[in-house]
Amino acid sequence: MALCSWFCLLGALLAPIRVLLAFIVLFLLWPFAWLQVAGLTEEQLQEPITGWRKTVCHNGVLGLSRLLFFLLGFLRIRVRGQRASCLQAPVLVAAPHSTFFDPIVLLPCDLPKVVSRAENLSVPVIGALLRFNQAILVSRHDPASRRRVVEEVRRRATSGGKWPQVLFFPEGTCSNKKALLKFKPGAFIAGVPVQPVLIRYPNSLDTTSWAWRGPGVLKVLWLTASQPCSIVDVEFLPVYHPSLEESRDPTLYANNVQRVMAQALGIPATECEFVGSLPVIVVGRLKVALEPQLWELRRVLRKAGLSPGCVDAGAEPGRSRMISQEEFARQLQLSDPQTVAGAFSYFQQDANGLVDFRDVALALAALDGNRSLEELTCLAFELFAEEQTEGPTRLLYRDGFSTILHLLLGSPRPAAVTLHAELCQAGSCQGLSLCQFQDFSLRDPLHEKLFSTYLRPSQIPNASSPGSPTARANGTVQAPKQKGD
């Protein structure tokens with residue numbers, strides 16, 4: 001109790017002063033960042049900046065950045081190992097990525113170049129710092145952007161030391177440090193040696209983690225600034241030289257570096273990754289959500305006192321019927337506006353805010369629990385399979401297949417579409433028959449176990465527990481928590 005009172009007192013006295021001073025320093029960074037690129041054309045910015053601009057501005061930003069983190073309570077940055085030169089390792093990969101404080105790793109790395117979202121350019125001060133850094137920018141809204149980023153990373157990484165090192169957080173988002181998320185292949189595409197960099201926060205209280213379903217930005221900032229002293233350890237591991245096979249296969253290269261870093265950290269290397277804000281894991285040929293929205297929908301309906309088996313779905317097989325939120329409430333016999341809005345939001349809406357009632361019917365059937373898996377997969381097929389122009393055969397095309405997997409397992413739709421194409425290619429057809437669909441979902445031992453476990457939410461342990469289906473399938477014991485960058 002005394003410790004708690006002391007911590008609260010520090011929060012009330014120390015944190016406001018620290019945060020205020022840190023923001024002042026943040027805005028002092030802007031003139032140095034602006035000066036480095038002022039008057040330079042886009043063509044000139046395609047080459048590394050040299051001369052007085054780099055000497056003055058680089059050292060100014062480096063010194064003020066260290067002061068900023070010092071004011072926030074990071075009094076000590078302990079460095080272990082030796083940072084490799086640009087020629088020895090053009091790329092640095094840092095993990096685990098657990099907080100918005102992780103850019104502190106740039107300081108002992110002498111401000112390497114980074115990869116960031118193009119949208120961050122519009123953020124005051126941050127945008128100026130990204131221009132100063134000559135960051136590699138990727139746009140989530142431009143499909144061609146990722147290809148250009150790959151080409152730029154390869155160009156800089158193979159410049160023979162002309163460009164400074166490029167630093168990646170290969171997990172792509174923040175986790176809770178209990179396990180390493182699956183590494184994205186972007187840092188490994190060039191096939192050049194990389195140096196792994198480990199980030200640890202060995203403090204008695206973990207105030208820095210900014211993770212999925214964890215505290216928000218302001219709370220993490222306030223709690224960290226309330227600590228008398230925060231310590232961060234940055235450890236440089238030996239340079240990882242890829243084999244010929246790894247240099248040709250970025251995914252293999254990424255997986256092997258992930259395992260090396262996980263072993264050094266003493267935590268599991270998982271197959272968990274994030275598609276948008278959805279945490280997913282690979283099981284067999286499937287990508288499935290750690291916690292499908294179907295489970296949350298079950299909790300919402302139970303709280304409202306509704307039994308899914310009491311609802312007469314009446315969806316017409318093979319034909320979509322779009323319904324509004326009001327009709328959804330009437331169909332499910334829900335009266336509380338908050339419950340209706342919450343339950344309705346679990347289904348994909350079109351441009352007019354309507355949902356396909358077949359989605360609702362399948363979700364309710366899965367939550368009912370009185371159907372066998374064979375009956376449920378038959379119902380799913382009947383709802384979403386389409387009639388053929390010739391002959392009586394009905395086939396399940398990619399849209400219906402991806403909808404079923406998304407509803408029942410939380411699979412990302414793009415991943416489900418890719419899987420559907422693979423299954424159809426094996427059968428030399430554009431769609432799946434009922435037999436083929438059930439071969440995939442029920443007769444494959446791993447997939448059958450996955451379907452049976454996911455579709456019985458009342459019997460499922462927490463997804464992050466050792467007994468969860470994803471943990472058993474992949475040999476991991478802790479599912480990481482996340483919050484997007």
Side-chain angles (χ1 to χ4, degrees), residues 280-289 291-295 297-298 301 307-309 311-321 346-348 355-388 392-413 415-427 429-460 469-470 472-473:
V280 301
I281 200 163
V282 178
V283 181
R285 290 194 289 174
L286 275 170
K287 283 187 177 181
V288 296
E291 294 186 14
Q293 291 186 323
L294 192 66
W295 299 0
L297 178 62
R298 181 185 182 90
L301 296 181
S307 173
V311 178
D312 181 17
E316 187 175 353
R319 294 181 180 274
S320 62
R321 177 165 69 90
Y346 290 113
F347 301 97
Q348 185 177 29
V355 303
D356 191 333
F357 192 63
R358 293 179 300 174
D359 296 7
V360 180
L362 180 58
L364 293 177
L367 293 177
D368 183 16
N370 292 324
R371 288 180 171 85
S372 66
L373 285 179
E374 187 170 356
E375 292 173 332
L376 187 60
T377 51
C378 279
L379 174 63
F381 183 87
E382 288 299 319
L383 287 173
F384 293 98
E386 298 179 24
E387 296 283 356
Q388 300 302 294
T393 307
R394 303 182 71 224
L395 294 178
L396 185 62
Y397 292 103
R398 67 178 189 178
D399 288 345
F401 181 80
S402 62
T403 298
I404 292 172
L405 294 192
H406 182 72
L407 285 170
L408 300 184
L409 304 178
S411 298
R413 292 179 187 271
V417 168
T418 301
L419 177 58
H420 180 269
E422 294 175 3
L423 294 173
C424 290
Q425 188 176 18
C429 188
Q430 295 298 313
L432 300 176
S433 66
L434 175 60
C435 182
Q436 289 173 316
F437 178 59
Q438 290 190 325
D439 282 344
F440 158 77
S441 57
L442 301 182
R443 298 182 182 101
D444 180 290
L446 183 58
H447 294 161
E448 187 277 333
K449 183 178 182 181
L450 185 69
F451 270 81
S452 63
T453 309
Y454 267 57
L455 298 180
R456 299 294 178 265
S458 60
Q459 303 171 14
I460 297 175
T470 50
R472 290 198 303 270

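Residue indices begin at 1 and follow the sequence shown.
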Say you draw a straight line from [atom1] of [X] to [atom2] of [Y]; how long is it, rounded to the nearest 0.5 Å?
X: H420; Y: D399; atom1: NE2; atom2: CG; value: 9.0 Å
X: L286; Y: I281; atom1: CG; atom2: CD1; value: 12.5 Å
X: L364; Y: F357; atom1: CG; atom2: CZ; value: 7.0 Å
X: R358; Y: R321; atom1: CZ; atom2: CZ; value: 11.0 Å
X: K287; Y: L405; atom1: NZ; atom2: CG; value: 13.0 Å
X: S452; Y: K449; atom1: OG; atom2: NZ; value: 8.5 Å

Side chain [X], main chain [Y], donor-acceptor under 3.5 Å:
X: Y454; Y: A289; answer: yes
X: R398; Y: A421; answer: no
X: H406; Y: S411; answer: yes

Item to complete: Show the numbers, then the answer: is there a side-chain contact (heavy atoms from CB on, under 4.5 Å) between L423 and Q436?
Response: CA-CA 9 Å; L423 294 173; Q436 289 173 316; over 6 Å; no
Worksheet item: Are the aromatic rings of F440 and F401 close, with centres under 6.0 Å apart?
Response: yes
Practice prompt. Mark yes when over 12 heavy atoms from residues, nucleotides or ligands other than E374 sit less than 6.0 Å from its CD; otherwise mark no.
Written response: no
Can you tell if the side chain of [X] reaches within under 4.5 Å of the side chain of [Y], non-hydrogen atoms only?
X: R443; Y: Q438; result: yes
X: L294; Y: L407; result: no
X: F384; Y: D359; result: yes
X: F381; Y: I404; result: no
X: F451; Y: L376; result: no

Discussion item. L362 vs T403, test: side-chain contact (heavy atoms from CB on, under 4.5 Å). Steps then yes/no.
Written reply: CA-CA 10 Å; L362 180 58; T403 298; over 6 Å; no
Item to complete: For residues L408 and A366, report the shortest heavy-atom separation together with the two atoms involved.
Response: CD2-CB, 3.7 Å
Worksheet item: Where do F347 and A363 come nearest, in terms of heavy atoms and distance?
Response: CE2-CB, 3.7 Å
